[in-house]
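Before any comments, here is the structure.
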Amino acid sequence: MHQAELTGSRVEAVIAWEPPFSGTGSGVSVGDPQALRDIACKVLTESIDKAVGPKPPVTITARAEEGTPAQVLLKAAGDESVTLLVVGSRGLGGFTGALLGSVGRHCAQHAPCPVVIVRGRHA
């Protein structure tokens, strides 16, 4: 957010969602992609509100896309208006905190623009 404010840029917040492999125990029917999109949109909206509050310093647009996280982020980064891709690092691997997450690593290797990976409390 601070970088966007300094450069007069806008922020596009993107969340990826995928249909579950099995409907068992998921609480969402496998045949209901709109419900999954709605849940992803809600999670994204709540995350933005938590991160920046009710009055963000720059314009933020939000969108939910179906696909794997790396696929969705790289597609978004491919837009010629994108100047920077910012990815969080959740550290869900066996060596939490020591290894870069697979999505961040994949984006850093394949994005057509610079990539910033945010770790720790800001991710």
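No hydrogens, no waters, no symmetry mates; every other heavy atom, side chains included, goes into these values.
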Closest approach of [X] and [Y], non-hydrogen atoms and distance?
X      : Y      : result
Pro112 : Gly78  : CG-CA, 3.8 Å
Glu65  : Val14  : CG-CG1, 4.5 Å
Val115 : Ala111 : CG2-CB, 3.5 Å
Ala62  : Ile48  : CB-CD1, 3.8 Å
Val82  : Cys113 : CG1-SG, 4.0 Å

Which one of [options] satisfies the side-chain contact (heavy atoms from CB on, under 4.5 Å) criterion with [X]?
X      : options              : answer
Trp17  : Val72, Thr68, Leu36  : Leu36
Ile60  : Arg10, Glu12, Met1   : Met1
Val103 : Leu74, Ile117, Leu73 : Leu73

> Does the side chain of Val118 come within less than 4.5 Å of Val86's, by heavy atoms?
Replying inline: yes

> Tell me, do Leu85 and Cys107 make a side-chain contact under 4.5 Å, heavy atoms counted?
Replying inline: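 SC-SC contact between Leu85 and Cys107 confirmed.
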
> Quick one: side chain to side chain contact (heavy atoms under 4.5 Å, CB included) partners of Thr7, sequence neighbours excluded?
Replying inline: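 Checked Thr7 against side chain to side chain contact (heavy atoms under 4.5 Å, CB included); matches are Gln3, Ser9.
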
> So does Glu80 have more than 12 non-hydrogen atoms from other groups sitting under 6.0 Å from CD?
Replying inline: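 Open.
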
> Between atom SG of Cys41 and atom CD1 of Ile15, what is the distance when rounded to the nearest 0.5 Å?
Replying inline: 8.0 Å

>> Working to the nearest 0.5 angstrom, can you tell me the gap between Glu66 CD and Gln71 CD?
In response: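 Glu66 atom CD to Gln71 atom CD measures 9.0 Å (nearest 0.5 Å).
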
> Do the side chains of Val58 and Val52 join up, straight or via other hydrophobic residues, at under 4.5 Å, putting them in one cluster?
Replying inline: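 Yes, because Val58 and Val52 connect within a single hydrophobic cluster, where side-chain heavy atoms sit under 4.5 Å apart.
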
> Excluding sequence neighbours, so at least two apart, what forms side chain to side chain donor-acceptor pair (under 3.5 Å) with Arg37?
Replying inline: none

